[in-house]
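One structure below.
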Amino acid sequence: MDIQFDLFEHLIKSPSKDFLNQILLESFNQTEGSKPSNNFLNQLSQSLEIDQTTSESLLTELGKLIRKLLFESCTDLQQIQNVLATSSLQPNLKNLLSKLLAERLAQFKSKLINEEGMVPKLLDFDWRIDIKMDSNLSDSGSKSGQQACILHLKTDENSKERSRSIMDIGDIIKQQFKKRSQKQLGLLSFCARLYPNDKCGSNGLPLTPNSIRIYGKFQYLKTLNNRNLCRYVDIQRGQNERLFVLSEYFSLNLQDLLNDTYIYNLIITNTNLLVKWIDQILNGFLYLNDHMITNRLVSLKNICISPEGNVLMTNYGLFYMSENSHCVNFPVVNFESLAPECYLLDYLRENDTNLEQPTSNSELLNTDLNNPKSDVWAFGCILVQFFFGLKNLKINQEYIIERNLNLDVNSNGYEFILDLYGIDENKKNLIEQKTRSIFIKLIKKCLIVDALKRPDFKELYEYFSECLIEENLGSLLNHNLGTKTENLNLFSNKIRFCDDDTIQEEDFLWRRGVNEVYYLWKLAAGDCLQTLKTNGRLKTTLRPIHKFSIYTEVENGYEHGKLIHDEELRFNDEIVPVSLDQIRNRLNSLTKKAFFPLLEFKQDQVSMENIQQQPVNIRELDIEYQFYRMILFSRYLTSYPFKRDDLIKECSVDIPPFYRNLAWAVLLDVSSNISEIYASINKEQITSTDRQIDVDIPRCHQYEPLMATPQGHIKLKRVLKSWVISNPNLVYWQGLDSLCAPFLYLNFNREEIAYGCLTNFVKKYAANFFLKDNSAVIHEYLAVFSHLISFNEPELASHFESIDFRPDLYAIPWFLTMFAHVFPLYKIFHLWDCLLVGSSSFPLCIGVAILKQLRNILLNSDFNECILFFSELPEINIEKCVKDSVNIFKNTPESCMYREHSGNESKLEESLLDMTPVSLDKMRAELAPRISGRDILSLVENKENNYILIDIRSSSEYSNEFITNSKNIPYEAINFQKLSQTGSLSSLNENDMTLSLIHLLNKNKNSIKIVMSCEESIDSEAVDLANRLVKLKYSRVCVLHKGFEILKPTILYQRKA
Amino acid sequence: MSSQTRSGSGGGGTASASRTCQFKLVLLGESSVGKSSLVLRFVKGQFHEFQESTIGAAFLTQTVQIDDTTVKFEIWDTAGQERYHSLAPMYYRGAQAAIVVYDISNKESFHKAQTWVKELQRQASPNIVIALAGNKLDLANKRAVSYEEAKQYADEHSLLFMETSAKTAANVMDIFTSIAKKLPKSDVNEQASRQSQNRSGVNVGGANQNQQGTSGCACK
C-alpha cells in the first residue's frame, strides 16, 4: 500500500490540534465507508488552502495510513514514528502527527473490533497439510523433514460495498444463474438396437450386442475433460438392451433462457456475455474436434449454464458412442439443425455397410472424424434460434427433409434457414438491426451450404477472433486458441479427479469431483431405472407376456409382433436429474473437518476400528466408510511419492475400490515415466504369438461387459503385445491374458498403467514363469507348494500322498495366473488387494488357504473326485481365504518358502545360514520343507518358544556338542512302527526314545518341529523322519537345511568341556 | 457312476450284472479348435460361446452305455497352446483313447492335428484308439478342410473320423460312443481283481511310467 506522504505537508497549515484530530477522525470514518460532509470538506480546503480534490485525496491517504498502522498493529508512539520516518515530512509535523495518531489509534481499534468492520468476513476456510515428511523415518534419511501447510481463506471484503452499490445488469444475470442453475448428476437413457437371435459374426461367435458395443465406445468419453463440456461419468446396462448414461449436468440451459422473456432480454443486449458464451461453445467444439468427436445433437437444450454463468455442452457423445447411430434404432440427429450434406452421407452409409458391423481398427479407434463440419452448420442454426428468439422450434420433419433435399449447393444457407424457421423479412430486418453485426457475420459464416467452403471450427474461431478485434472487442476473448487437456498423470499432483474449477466449488460434496459423487450415489443405493420412473419416464402398462414375439422366422431368427411399448423405445434426449438427497442425508452428520482431515494428527482421524472388523464386502458398501477412505486415499495419492509408506500401510487395511487402480499401481511400484515407456513400444509389430493372443482374448473374462467390448479386446491385445515385445526373454503363455485382465479392467482408459502393473506384477510374483522353458521354475514352485501343504495341512498332505495327487494336476492354472484364471474379476480384486501387499511367496499361502477351506471334502475324496473337484472349483469364500493366507504366511518361516527361481537377486554375501538351492528330485522326495539357520536364530530371538529342535544325531555326538534347547532323539533309536501307534501312549519312559519323541511331539502340537541331523545324513535320516512325521499328520515339521554344522558358529552352539 | 446293480444275479453281494469299464481318454489339438467345448457338450450337454482357454489341463468324467457295459471315460482335456506341449506326454501316457481335434475352418489346425497323431502313434500306448474330430461343423460355410481330405487321412492312419459341432451337438455323442465300442472290453474280472485301487492318475514326474496296463481297460 503506497501512501503519498507528501500530501501530509498540507497539514502544517492546520489551525489547531483539535482540527487535526477532526481530520484524522474523518479520514478514519472514510475508510469505514461514510463520506465526509461537504461542509467539512469546504472547511478543510479553506483552512489548509488547498482545492477540494486535494483535500479529498488527503483524507484518503490519511485513511490509508491509519489502516496500515492498525493492520500492522503499530499503535505505540515509537512504532508510528518509525513508519513516518521513511517520509520526507518536516520533523515537527512528524512528531505531532505521531503523537496524535498514538492517542487516537487505540480508540479507532476498539471501534473497529466492536463493529467488526475491518476484519474481513470469513466465508469459508480450507486447511490441510499437504506434505509432511517425518525425518525420523529411517528410509527417508536423506530427505529433510520439511513441512508445508496450505491455508485457504476465502474472505469477502467487498460485502458491504456490494450491498451499497447499485446492481448492474451483469450482476442481475449472475444472480439469476446462481439461483436457477444447480450442478447435478444427469441421466440419459435409451435402448440399443436388438439383433435377431442367434446371428453370428464371421468368427462363429455371436455378434457383440449393441449395448456392449456402446458400453465399450463410451469408455473413451470418460476421459474427456474440458470446462465447456459436461463430463461423462459412467454407463450402465439395464434389461432389454437399455443403457443409462450418467454425466455432469446443470439444471439451466439456453432453451430455458429463451423461454424467460425477462432474462432473455437482459442477455441478448449484453455483448460481453454473448461473446463469452460463443467463445466457450467454440472452445468446447474445438476440444471435441481434437478428440475426434462429432456432436450431431447440437441444440439450445443441450447447452447448459453453470451457476457461475459459464456454458457447457451436454449430450455431445451420443453420436460417437452409438457408432454414428449404427447401434441404435433412432437417428442421433437434430433435424432442425442437421447440415444438408448429412442427408446424403447418412444415406450412403446406411446402404454401404448394411448392418454389417464395422470391424476395422480405424473405425473402432475413431480415427475418422465423422464430418465435423456438420456441427458448424448446427452451431449456426442454434445461433439463429437464439438471436431470433425462436422458442420451442417445432417443424415437421418431412418438411425439413424435403427442403434440404431440394437445396442447391450454391444457395444462401442463412436465408434458407431463416426461411425454414419461418422468419419473415420484417422480423429479419428488425433483429439484424438490434443484434451486433459480429453475431450475424458469425451466423452467416456457419451457414454455408457447401461443406467444402464452410469453415471448420478452427477456421471459424479464427474468423470470430478477427471480427472481434475489428470491432475492438478482442479483449473479451479470455483464452488462447488450442485446448487444455487435463493430463491425469499418476505421479504429478494432478492425480485428483477434480480440476481447478471444481476446487472452487462451494458445495463440499461437489468438491470431491463428479466421479466420486457418482460413486457415493451408487453406494447410497442410487438406481438409474428408479430415477427414470420417478421422473415419469418408462410408463408401461404391458405385462411380461406381451414381450414375447408372436412368431419368429426359423431361417434367420427375426422376431415379429413384439409388443414393446412405444414409450420404452422412443428416444428422448432429455436428461433427467439424479437426486443426490440420499448421499447428502447420509453425509449430513459429517463435519466440514471430515472433508479435510489432517493426516498427521491422530485425534483428527475418526476411529474406524468398528467398521474395520466387518467383512470387506460390507465395508465396501458403507457409504460413510468409503467416503473417509476415499478422501484419505486421494490425499495420500496426491502427495505421492512422499506418503508412499503410509499409503501402503493403509492398503494393508483395505483398498477403497474407487482408488484401487492407483493404489495397485503404487503397490507395484509402477515407474513415474510409464507413459513414455509405453508410448515407445511398437505395438503394431507382428509377433509369432499374435494368433494365440487373438484366439485367447475373445474368451478372456467375457462375462464382464467391459472385457467383451471391441475396445476391451483391442486394448488387451495392445497391452499383451507390449508386454511380449518389451520382455524378449519371456514369452506369451496362455493364461497371461487372464493375468492382465484385472489390470486392464481397472485402468481401461490408461493402458500404460495396466501395462506397468502387469510388467511389475510378473516380475515380482510370477518371475520366470513365462520363460520359454519354464518347467524348472513351475515344478520348483509346485514342490514348494507341496511342502507348504505338509507344513500347514499335514492331514491333507498325507491324504494327497496316499492317492498320489500332486499339485501339478490342479495348481498350474492357479499360480501361472495368480488365480486370475480361477476366479471371477470381483473376487480377484479382493484376493489381489491382499496379495499385492504381501511378498512374492504370498500366493503359495493363498493356495494352501484354498485347500484348507476345502479340506473336509478333499479328505473324503479319491483321486478322481479330487481332480474333478478342481476342474470346477466350488465357491470359495475369499474373505476367509485372505484371512487364512495371512495367518499361514505369518506362521511359516520365510526359508520354508525359499525358491531358487524366485527372481530375487541372491545376496552377495551369502552366508551359511541362508538357504541354497536343492535339486528338484530331492525336493519332490521330501515332504517337509527345509528351514534355514537364520530362521532358527530368529525363532530363538523372538523367544516365543514356538519351536522344538529335534537332534537326531547319536547320543555320543550329542554329548560332545549340541545346540541350546535342543532335544536329542537319535535316529537309530526310533522304532517307527511304534511311532505310528500314537494312540496307545501310556507311560513315559525316559529311556525309550520313541516314546519320548511321541511325548515331545504331542506336547508341542502347534510348535515348529525342526528335525536336525548332521549334514551328510540329512537325506538318509532327517528327511526320512520328517516324511514319516508328515504322514503321521504332525503339522509344522521341517528339516534344518545344511544340518547341525551350520549352527556351530552361532551363540546356540555349546560344547561339553 | 451309472452302473446299475441288478439283484438276483448270483455271486457275491457287490457283484453286478452290468460291467463298468474305465478308460482314460485325452483330447489334443491346436488351441481354440473346441476341445473343451466338445468335452463340455459330451459331459454336460452344454455349450459356452466364450469357453475359457484351458491352462495345463482339465479333468472330467462321463459314462456311456454300450450294450450291457457301462463305459466310464476319464477325460483329460489339455491346453492347446504349443508351449504346453511339454506337459502333454504326462496326459497321454497310459491313455487308452485320444481325440485329436481340428477346426474345419482352419487349415493350420488340421496340420497340427496330423503332428499330434504322429506323436501319439510313436509315443503313446501302442493300442491306443485315436479319433480325429473335425470340429465347428456349424461353420461349414467357412470350411477350409474338406471332408474328403480329412477322411482320406484318417483312413490312411486307421483313425476314427467324424466332423462334429460342439455348438449344435452334431456327432459329439457319436464320436465318444464309437471310441467306446472300439475299445477292448475283455478280461474284465481278472483286471478288476488285480487292481484293487483304481488309479487313473497321470504320471507327473515322468518316473515309473506305464505302471498301469497299457491295453484293455481297468474295470470294477
Side-chain angles (χ1 to χ4, degrees), chain A residues 200 202-206 688-689 691-692 694-703 707-708 731-738 770-775 778-779 782 802-814 816-817 821-822 862-872 920-921 924, chain B residues 1 22 24 30-34 36-37 39-40 43-44 48-61 72 74-77 79-84 86-87 90-91 103 105-106 108-109 135-136 138-142 165 167 197-208 211:
Chain A
C200 283
S202 53
N203 55 357
L205 291 174
S688 54
T689 35
R691 192 201 97 88
Q692 191 63 51
D694 281 338
V695 299
D696 286 348
I697 284 176
R699 37 193 187 147
C700 177
H701 291 287
Q702 293 300 297
Y703 55 87
M707 301 309 294
V731 294
Y732 174 85
W733 283 77
Q734 276 190 315
L736 192 73
D737 51 336
S738 305
F770 299 102
L771 284 175
K772 201 160 187 188
D773 178 8
N774 62 4
S775 60
I778 297 284
H779 284 130
L782 295 173
S802 68
I803 60 172
D804 198 19
F805 184 68
R806 285 165 172 270
D808 311 50
L809 297 172
Y810 60 93
I812 291 177
W814 289 13
L816 198 71
T817 68
H821 191 266
V822 185
D862 63 17
F863 180 90
N864 272 4
E865 285 163 341
C866 277
I867 193 122
L868 264 181
F869 195 62
F870 282 116
S871 286
E872 290 159 67
L920 193 59
D921 286 342
R924 282 181 169 160
Chain B
M1 262 177 278
Q22 210 159 294
K24 179 176 166 189
E30 174 81 285
S31 69
S32 86
V33 295
S36 304
S37 293
V39 178
L40 191 70
V43 172
K44 295 187 179 165
H48 295 164
E49 302 278 9
F50 305 103
Q51 178 67 38
E52 284 182 21
S53 57
T54 308
I55 291 170
F59 180 80
L60 287 147
T61 59
K72 181 176 179 191
E74 289 168 346
I75 305 163
W76 287 94
D77 170 25
Q81 193 191 3
E82 177 59 27
R83 297 197 196 294
Y84 288 97
S86 60
L87 289 175
M90 91 179 188
Y91 297 108
D103 169 358
S105 68
N106 181 337
E108 194 53 46
S109 69
N135 194 32
K136 305 201 186 175
D138 51 294
L139 292 183
N141 55 346
K142 301 231 159 53
S165 166
K167 186 172 178 172
Q197 197 198 9
N198 190 314
R199 276 205 327 208
S200 61
V202 294
N203 291 315
V204 174
N208 57 350
Q211 77 188 98

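The sequence lines fix the lettering, A, B, ..., with proteins before strands; numbering per chain opens at 1. Source: prediction; values computed, not measured.
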> Are Y810(A) and F805(A) near enough that their ring centres are under 6.0 Å apart?
Replying inline: yes
Proximity breakdown for [X] and chain B, heavy-atom pairs closer than 4.5 Å:
X       : result
L816(A) : side chain
Q734(A) : both
D737(A) : side chain

> Going through the distances and angles, do F863(A) and L809(A) end up as a side-chain contact (heavy atoms from CB on, under 4.5 Å)?
Replying inline: CA-CA 11 Å; F863(A) 180 90; L809(A) 297 172; 3.6 Å; yes
> Any sub-3.5 Å donor-acceptor pair from D694(A)'s side-chain atoms to Q692(A)'s backbone N or O?
Replying inline: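 No; judged by distance alone, with no hydrogens or angles, the pair does not exist.
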> Is there a donor-acceptor pair closer than 3.5 Å between any side-chain N or O of S871(A) and the backbone N or O of F59(B)?
Replying inline: yes
[X] versus chain A, heavy atoms under 4.5 Å apart: side chain, backbone, both or neither?
X       : answer
T54(B)  : backbone
Q51(B)  : backbone
N106(B) : side chain
E30(B)  : side chain
S31(B)  : both

> Under 3.5 Å, is there a donor-acceptor pair between the D696(A) and S53(B) side chains?
Replying inline: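 Result is no, nothing qualifies.
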>> Can you tell whether the side chains of K167(B) and E49(B) come within less than 4.0 Å, N to carboxylate O?
In response: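 A salt bridge links K167(B) with E49(B).
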> Would E52(B) and S738(A) count as a side-chain contact (heavy atoms from CB on, under 4.5 Å) if you check the C-alpha gap in whole Å, the side-chain angles of each, and the deciding distance to 0.1 Å?
Replying inline: CA-CA 10 Å; E52(B) 284 182 21; S738(A) 305; 5.7 Å; no
> Among Q702(A), K772(A), R691(A), which has the most heavy-atom pairs under 4.5 Å with chain B?
Replying inline: R691(A)
>> Out of I812(A), V695(A), L868(A), D773(A), return the one with the most heavy atom pairs under 4.5 angstrom to chain B.
In response: L868(A)
